[in-house]
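This one's a predicted model, so the numbers in the text were calculated from it and none came from an experiment.
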Amino acid sequence: MEPLGKLRLGVNIDHVATVRNARGGVYPDPVRAAKLAEEAGADGITAHLREDRRHIADADIDALMEALSVPLNFEMAATGEMQEIALRHKPHAVCIVPEKREERTTEGGLEVAREENRLAHFIAPLRDAGCRVSIFIAADRPQIEAAARIGAQVIELHTGAYCDFHAEGAFDQRDAELARMSDMAAYAHELGLEVHAGHGLTYDTVKPVAALPQVMELNIGHFLIGESIFRGLGPAIAEMRRLMDEARA
Ligand code: PXP
């Protein structure tokens, strides 16, 4: 199958804020990183305002909404507080993610099937406000079906397990996970959902995911911010873009 369209790159700038917050103060500035990412070819900027504000702060979202020329993908937990913030800003997209206070990063996908009713009511006002609603889930058929039923326009497939298997050298499991993502991307597309993917992607793992024809957007953060220490943020993003384009060609 031919790819459905150009693959967009969303650059997640959360960990610029992590470095800033390690010392307090204002340096390095996530908004400056976002503007640089735009110049380097990012199609969108992603930021996750966590309940504990461990990286991105409320003022960063205000500043990003003000400064960006590309769309903001606002990652948020399904809480009343976050819904209120999203409705105030009306970003281009919201991505609903699970959030546990004790986790180091977003560890699993959202359990949409278990919370279908609540989530349907939760996302309705966000959709009505014009935000594209994305749901971050594992590549599981019941979760995808539930995401379609609650009225989400987009699902983001969690690539964390695939990347972890790769890092551990568990290549059979990695390939099985990739095959599952491939099948589920096709299934989600059949149900009318736009498919995105992300979490943990690196130069070593991005190409097979970028090659999935139904996947329209990748959201990548931690690796790019880390790699920017060695080659600068612009070149780090440009190399990711090159690998994505190569996989897609
Ligand atoms: N997509 C979602 C929904 C996420 O929660 C995250 C992490 O915040 C990412 C993508 C990016 O993951 P990483 O920082 O590991 O590239």
Side-chain angles (χ1 to χ4, degrees), residues 1-5 7-12 14-15 46 48 73 75 95-100 102-115 119 134-149 152 154-227 239-249:
M1 178 179 167
E2 286 288 302
L4 291 176
L7 181 60
R8 296 189 299 271
L9 171 59
V11 173
N12 180 317
D14 291 350
H15 296 300
T46 294
H48 182 181
N73 174 32
E75 281 186 11
C95 181
I96 313 296
V97 303
E99 209 176 284
K100 295 192 218 92
E102 66 278 13
E103 71 190 357
R104 249 186 301 172
T105 180
T106 314
E107 279 165 8
L110 200 66
E111 281 290 337
V112 200
R114 207 186 292 158
E115 283 198 278
L119 286 170
S134 170
I135 309 279
F136 188 47
I137 52 175
D140 277 333
R141 195 175 284 263
Q143 302 299 343
I144 292 168
E145 289 167 351
R149 278 196 302 268
V154 181
I155 56 158
E156 180 164 328
L157 294 176
H158 197 313
T159 52
Y162 156 80
C163 292
D164 288 347
F165 287 137
H166 178 85
E168 291 158 13
F171 298 132
D172 288 350
Q173 283 162 289
R174 175 199 63 187
D175 294 347
E177 183 62 23
L178 182 65
R180 206 156 72 95
M181 289 195 289
S182 171
D183 290 347
M184 289 303 110
Y187 183 54
H189 176 66
E190 270 171 41
L191 296 184
L193 292 159
E194 182 170 313
V195 183
H196 300 175
H199 206 279
L201 291 169
T202 67
Y203 294 153
D204 290 338
T205 50
V206 74
K207 287 178 89 172
V209 181
L212 300 177
Q214 299 85 3
V215 172
M216 299 299 290
E217 179 174 308
L218 299 181
N219 284 299
I220 309 181
H222 182 262
F223 174 81
L224 285 175
I225 303 307
E227 186 65 12
E239 175 62 4
M240 190 61 85
R241 178 80 258 173
R242 188 186 71 75
L243 293 168
M244 286 164 57
D245 291 344
E246 212 170 79
R248 205 74 170 172

Exercise. Quick one: are Val206 and Met244 in side-chain contact, heavy atoms under 4.5 Å?
Worked result: yes
Exercise. Taking C-beta and beyond as the side chain, do Glu227 and Met240 meet within less than 4.5 Å on heavy atoms?
Worked result: no
For this session: Can you label the angle between the His158 ring and the Phe136 ring as parallel, tilted or perpendicular, going by 30° and 60°?
Result: parallel
Distance in Å, [X] [atom1] paired with [Y] [atom2], rounded so as to fall on 0.5 Å steps:
X	Y	atom1	atom2	answer
Glu217	Ser134	CD	OG	8.0 Å
His222	Cys163	NE2	SG	12.5 Å
Ile137	Ile144	CD1	CD1	5.0 Å
Glu156	Met216	CD	CE	14.0 Å
His199	Leu218	NE2	CG	14.0 Å

Could you tell me which non-hydrogen atom of [X] sits nearest to which non-hydrogen atom of [Y], and how far apart they are?
X	Y	result
Ala211	Ala247	CB-O, 3.8 Å
Ala148	Leu191	CB-CD1, 4.3 Å
Leu110	Gln143	O-OE1, 3.4 Å
Ala152	Ile135	CB-CG1, 3.4 Å
Leu178	Pro208	CD2-CB, 3.5 Å

Quick one: list whatever passes side chain to side chain contact (heavy atoms under 4.5 Å, CB included) with [X], sequence neighbours left out.
X	result
Ala139	Leu157, Met181, Met184
Asn12	Asp14, Thr46, Glu75
Ala146	Val112, Ala113, Glu116, Arg149

For this session: Scan for salt bridge (charged side-chain N to carboxylate O under 4.0 Å, His left out) pairs involving residues 196-213, sequence neighbours excluded, and state none if there are none.
Result: Lys207-Glu246
Exercise. Tell me, which pairs form a salt bridge (charged side-chain N to carboxylate O under 4.0 Å, His left out) where one or both residues lie in residues 170-199, sequence neighbours left out?
Worked result: Arg8-Glu194, Arg132-Glu194, Asp140-Arg180, Glu177-Arg180
Seminar exercise, completed: Given the options Arg241, Arg248, Arg242, Asp245 meets salt bridge (charged side-chain N to carboxylate O under 4.0 Å, His left out) only with Arg241
For this session: Start with the C-alpha distance between Tyr187 and Leu193, add both sets of side-chain angles, then the distance that settles side chain to side chain contact (heavy atoms under 4.5 Å, CB included), and finish with yes or no.
Result: CA-CA 9 Å; Tyr187 183 54; Leu193 292 159; over 6 Å; no
For this session: Not counting sequence neighbours, which residues clear side-chain hydrogen bond (donor to acceptor under 3.5 Å, both in side chains) with Thr205? List them please.
Result: Thr202
